[in-house]
Amino acid sequence: FFQAVASPPSSNFLLLGPSGAGKTAFTTLLEAKSSPASKKSHATHTSQQSTLATVTLPPTVPTGSNRYRSVNDPSLKEAIRNPIRYRVRDTPGHGKLRVSQGLAELSTMAQSKDIKTRLRGVLFMVDTAALVDETTLRDTATYLHDVLLVLQKRAKNGSSSKRTTEIPVLVAANKQDLFTALPPGSVREKLEAEIERIRKSKNKGLLDAADTGLEDEEEILANDEQETFTFKLLEFETGIKLEVVGGAVKGDQEEDFGSGVRRWEEWIGMCL
Ligand code: GTP
Ligand code: MG
């Protein structure tokens, strides 16, 4: 028997991150897990356009409103019968498409108050084997910095009493199956240190601009440039929560390497 009327998914997640991180591979995997019957071809080529996928949360993944679901819980039966659906927007990570697509999409979705397009969370995917390369690290951190700045501006414009409505960010530390992959903890440290550098040079640029009398509305991430940047400082200053969680799109079926994508699905569940 099929459910006659499935409720339309009302939760949206945005998938950002540099080219080659595995965003499309992740989206394709979620789609395949959602409807095992339909065999989708794995698109591993560079994306040039955003796509929207409707997928389901595995019934055993607890949701924010149903946090302590146990195997004996009747709500689990209900979740199996009527799985929770949500939408993922996969964006192209190429440097030339970020501003026009990923960041533009983020600005639009972050401002939307419409329940149909409301943004529940941002997944920023990184290739943890590629971060040892200085250029890749700088590129990745710059993109993340710009994403966080959009969210910070949104947080500032909103009423300060509603801290709970800030859009959370998951840094999905992908490709943990590769033996050259950096562990999530060191991904976190590297990104923090690199964002600190970006922040410093931006602040210096602003000061120089102020000397020449040029007005600039630009702001610094996490405000207090006296303090060293950490994601904790960001949360303290803006209310934006960021977590770095390891996983692997490749290893998901084997339930091996850092439990595949399970912990990212758990993060998504907590946002629902
Ligand atoms: P753009 O569309 O250019 O932004 O890139 P993307 O983030 O969509 O990357 P895509 O999903 O196309 O993946 C890039 C490559 O990484 C593909 O060859 C994938 O098969 C590979 N890949 C994705 N996830 C993993 C993983 O967990 N482990 C390994 N080893 N490879 C992966
Ligand atoms: Mg892609």
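Each ligand, and each atom within it, is numbered from 1 in the order the structure gives. Please read these numbers as outputs of a predicted model, since none were measured by experiment.
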Give the C-alpha distance, both sets of side-chain angles, the deciding distance and a yes or no for salt bridge (Lys or Arg N to Asp or Glu O under 4.0 Å) between E266 and R263. CA-CA 5 Å; E266 286 173 353; R263 291 176 64 209; 5.2 Å; no
With salt bridge (Lys or Arg N to Asp or Glu O under 4.0 Å) as the criterion, how do K241 and E166 come out once you've worked through the C-alpha distance, each side chain's angles and the decisive distance to 0.1 Å? CA-CA 8 Å; K241 286 195 168 72; E166 298 328 339; over 6 Å; no
Apply salt bridge (Lys or Arg N to Asp or Glu O under 4.0 Å) to the pair K153 and E219, showing each step before the final yes or no. CA-CA 9 Å; K153 282 178 182 159; E219 49 183 75; 5.6 Å; no
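With a heavy-atom cut-off of 4.0 Å, D177 touches ligand 1 through its side chain alone.
When only interatomic distances are considered, the shortest N/O to N/O separation between V249 and ligand 1 falls below 3.5 Å.
In this structure, K23 does not pair ionically with D127, as no charged nitrogen and carboxylate oxygen lie closer than 4.0 Å. Electrostatic pairing of E194 and K190 does not count as a salt bridge here, judged by no charged N lying under 4.0 Å from a carboxylate O.
Considering K23, M125, H94, K175 only, the shortest heavy-atom separation from atom 25 (C) of ligand 1 involves K175. Comparing K250, Q101, R98 by heavy-atom distance to atom 20 (O) of ligand 1, the nearest is K250.
None of the N, O or S atoms belonging to T46 lies under 2.8 Å away from the Mg ion (ligand 2). Distance check for T91 against the Mg ion (ligand 2): none of its N/O/S atoms falls below 2.8 Å.
Residues L170 and W264 approach most closely at CD2-CD1, 3.7 Å, considering heavy atoms.
The closest approach between G17 and ligand 1 stays at or above 4.0 Å for every heavy atom of the residue.
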